[in-house]
Amino acid sequence: MRQLLLLGRPDCHLCEVFEAALLAHPDAGQYRIEHACVDDRGEWRMRYGRRIPVLLDEAGEVLGEGVFDPAVLTPGNGG
């Protein structure tokens, strides 16, 4: 099972909408989705602090940000 990391902040409406769309994706069950606050690490805060929510793959590559795009979980598109 592949792992994804969703960076956001507590009480972030955009993060909640992104997560709901991600979990509603038909292939979401093929992924273990972890959550983290973007402010937990200085590197994350500097790199992604104004871009949340941000979805990262196992290698730390950005799969999506802002609004969830279902294509990111489509095989051949990084998903």
Enquirer: Quick check on the hydrophobic clustering: are Leu56 and Val38 connected, directly or via other members, by side-chain heavy-atom contacts under 4.5 Å?
Expert: yes
Enquirer: Is it possible for you to say whether Val17 and Ile52 belong to one hydrophobic cluster, with membership spreading through side-chain heavy-atom contacts below 4.5 Å?
Expert: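 Different clusters: Val17 never reaches Ile52 through Ile, Leu, Val, Met, Phe, Trp or Tyr contacts under 4.5 Å.
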Enquirer: Test of understanding: with side-chain contact (heavy atoms from CB on, under 4.5 Å), list the residues that count as partners of Ala21, not counting sequence neighbours.
Expert: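 side-chain contact (heavy atoms from CB on, under 4.5 Å) check on Ala21 returns Phe68.
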Enquirer: Treat each ILVMFWY residue as a node, draw an edge where side-chain heavy atoms are under 4.5 Å apart, and state whether Leu6 and Tyr31 are in one component.
Expert: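 They do share one cluster, since a chain of ILVMFWY contacts under 4.5 Å joins Leu6 to Tyr31.
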Enquirer: Please confirm whether the backbone N or O of Gly49 pairs with a side-chain atom of Arg9, one donor and one acceptor, at under 3.5 Å?
Expert: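 Here the side-chain-to-backbone pair exists.
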Enquirer: Is Leu73 reachable from Ile33 through a run of hydrophobic residues whose side-chain heavy atoms are each under 4.5 Å from the next?
Expert: yes
Enquirer: Closest heavy-atom contact between Asp39 and Arg45?
Expert: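 Distance-wise, the nearest heavy atoms are O-NH1, 2.9 Å.
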Enquirer: Looking only at non-hydrogen atoms, find the nearest pair between Cys15 and Gly8 and report the distance.
Expert: SG-CA, 3.6 Å
Enquirer: Quick check on the hydrophobic clustering: are Leu14 and Leu7 connected, directly or via other members, by side-chain heavy-atom contacts under 4.5 Å?
Expert: no
Enquirer: Ignoring hydrogens and angles, tell me if any N or O in the side chain of Gln3 forms a donor-acceptor pair with the backbone of Glu58 under 3.5 Å.
Expert: no
Enquirer: Shortest non-hydrogen contact from His35 to Leu5?
Expert: C-CD1, 4.1 Å
Enquirer: For residues Val62 and Arg51, determine if any side-chain heavy atom of one lies less than 4.5 Å from a side-chain heavy atom of the other.
Expert: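 A side-chain contact exists here, since the closest heavy-atom pair is under 4.5 Å.
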Enquirer: Rounded to the nearest 0.5 Å, how far apart are CD of Gln30 and CE of Met1?
Expert: 8.5 Å
Enquirer: For residues Leu22 and Leu55, report the shortest heavy-atom separation together with the two atoms involved.
Expert: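 It is CD2-CD1, 4.0 Å.
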Enquirer: List for me each residue that meets ring-ring contact (aromatic ring centres under 6.0 Å, His included) alongside Tyr48, sequence neighbours excluded, and say none if there are none.
Expert: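 For Tyr48 there are no ring-ring contact (aromatic ring centres under 6.0 Å, His included) partners, ignoring immediate neighbours.
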